[in-house]
Amino acid sequence: MRHEPVLVVIAHGSRDPRHAATVHALVRRVRSLRPGARVELGFLDFNIPSVQGVLESLAAEGVRDVVALPLLLTRAFHAKADIPAVLREAPRRLRIRQAEVLGPSPLLLDALERRLYEAGLTPADKSSTGVVLASAGSTDPEAIAVIAEIAREWRHTGWCAVRPAFASASLPRTEEAVRELRDLGCARVAVAPYVLAPGFLPDRIARGAAEADVLAGVLGPAPEVARVLLERYDGARLPMPAAVGA
């Protein structure tokens, strides 16, 4: 009998208890969508179980194959450095494949719109509403460029305008983007946090949205986010297609 790799979701962790609660809810959603898969959760910092502890437990059970999935929206420092470093310290008996980060994905845009509609907007509001795509921010230029590209892509789906904003490391801040959309003449302004779970930086985004008309919730356990996790898992666990002519 062929055993599928264990999916180990790797979350950053936070001192804010809302963070871990939201991540656990997302993992429960993933399990509900793929009942036959084994899904474990480990944290890089602040929360337990640690990633290292999860991997050691799996190795002790006799597990051989693991897909390690970074619970991250952009490919910045944690995905490029922190997580690979942790995985290099894993028990040698484990065969570990690191999946891609979650973003960008059309499903995440669907999740952002879900949260905006849950906050009171309707599809009929799109053409008159400017949206601030508010992310945590990064010092990695690749991650910043991805957020800007997502904002440009999302604008083409019918919103009055979409502007990126960042809670740290980069500019503009959420409040600056809100004012810019007001100056553009958008009838209303909404802030869509492009973050997975509550915490310090999402709270900063919320404070920056004080002058907006609508503040959406974090992505959290939205079904679209859970589907992206499974897409990334499948992409990492399935063998690569053979090259033409090979």
query = Are R34 and E4 close enough, and set up right, to give a salt bridge (charged side-chain N to carboxylate O under 4.0 Å, His left out), and what steps lead you there?
reply = CA-CA 12 Å; R34 189 71 63 84; E4 298 294 342; over 6 Å; no

About how many Å separate [atom2] of [Y] and [atom1] of [X], when rounded to the nearest 0.5 Å?
X	Y	atom1	atom2	answer
R188	L181	CZ	CG	13.0 Å
S105	L73	OG	CG	10.5 Å
N47	H24	CG	NE2	7.0 Å
L44	L72	CG	CG	8.0 Å
L133	R152	CG	CZ	11.5 Å
H3	D65	NE2	CG	10.5 Å

inquiry  = Between E211 and R182, does any side-chain N to carboxylate O distance fall below 4.0 Å?
reply    = no

Carboxylate-amine/guanidinium contact R179 E176, below 4.0 Å = no

Donor-acceptor pair, side chain of [X] and main chain of [Y], under 3.5 angstrom:
X	Y	result
E153	P106	no
R95	R64	no
R204	A167	yes
D213	A190	no
R29	A226	no
E40	V6	no
R232	V101	yes
R115	V218	yes
R155	C160	yes

What's the shortest heavy-atom distance between [X] and [Y], and which atoms?
X	Y	answer
L108	G103	CD1-CA, 3.7 Å
P70	I83	CB-CD1, 3.5 Å
A161	C186	CB-SG, 4.3 Å
L112	P193	CD2-O, 3.7 Å
R163	A151	C-CB, 4.5 Å
A119	A216	CB-CA, 4.0 Å

Check whether [X] and [Y] end up in the same hydrophobic cluster, where Ile, Leu, Val, Met, Phe, Trp and Tyr are linked by side-chain heavy atoms less than 4.5 Å apart.
X	Y	value
F43	V27	yes
L71	L87	no
V23	V195	no
I96	V51	yes
L7	V63	no

Do [X] and [Y] touch side chain to side chain, with heavy atoms closer than 4.5 Å?
X	Y	answer
L102	L196	yes
Y233	V30	no
Y194	L219	yes
V39	L229	no
L201	I205	no
V86	I10	no
F166	L171	no
R15	F200	no

query = According to the interplanar angle, ranging from 0 to 90°, do the rings of F46 and H12 count as parallel (below 30°), tilted (30 to 60°) or perpendicular (above 60°)?
reply = tilted

ask   = Taking atom CD of E100 as the centre, does the number of heavy atoms from other residues, nucleotides or ligands within less than 6.0 Å exceed 12?
value =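 Atom CD in E100 is not crowded, with 12 or fewer foreign heavy atoms closer than 6.0 Å.
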
query = Do T129 and V214 pass the side chain to side chain contact (heavy atoms under 4.5 Å, CB included) test, and can you show the C-alpha distance, the side-chain angles, and the key distance before you say yes or no?
reply = CA-CA 10 Å; T129 301; V214 173; over 6 Å; no

query = Passes side chain to side chain contact (heavy atoms under 4.5 Å, CB included), V8 versus L58? Steps please.
reply = CA-CA 10 Å; V8 176; L58 291 174; 3.7 Å; yes

query = Could you walk me through whether D234 and R227 pass the salt bridge (charged side-chain N to carboxylate O under 4.0 Å, His left out) check?
reply = CA-CA 10 Å; D234 290 338; R227 287 168 57 196; over 6 Å; no

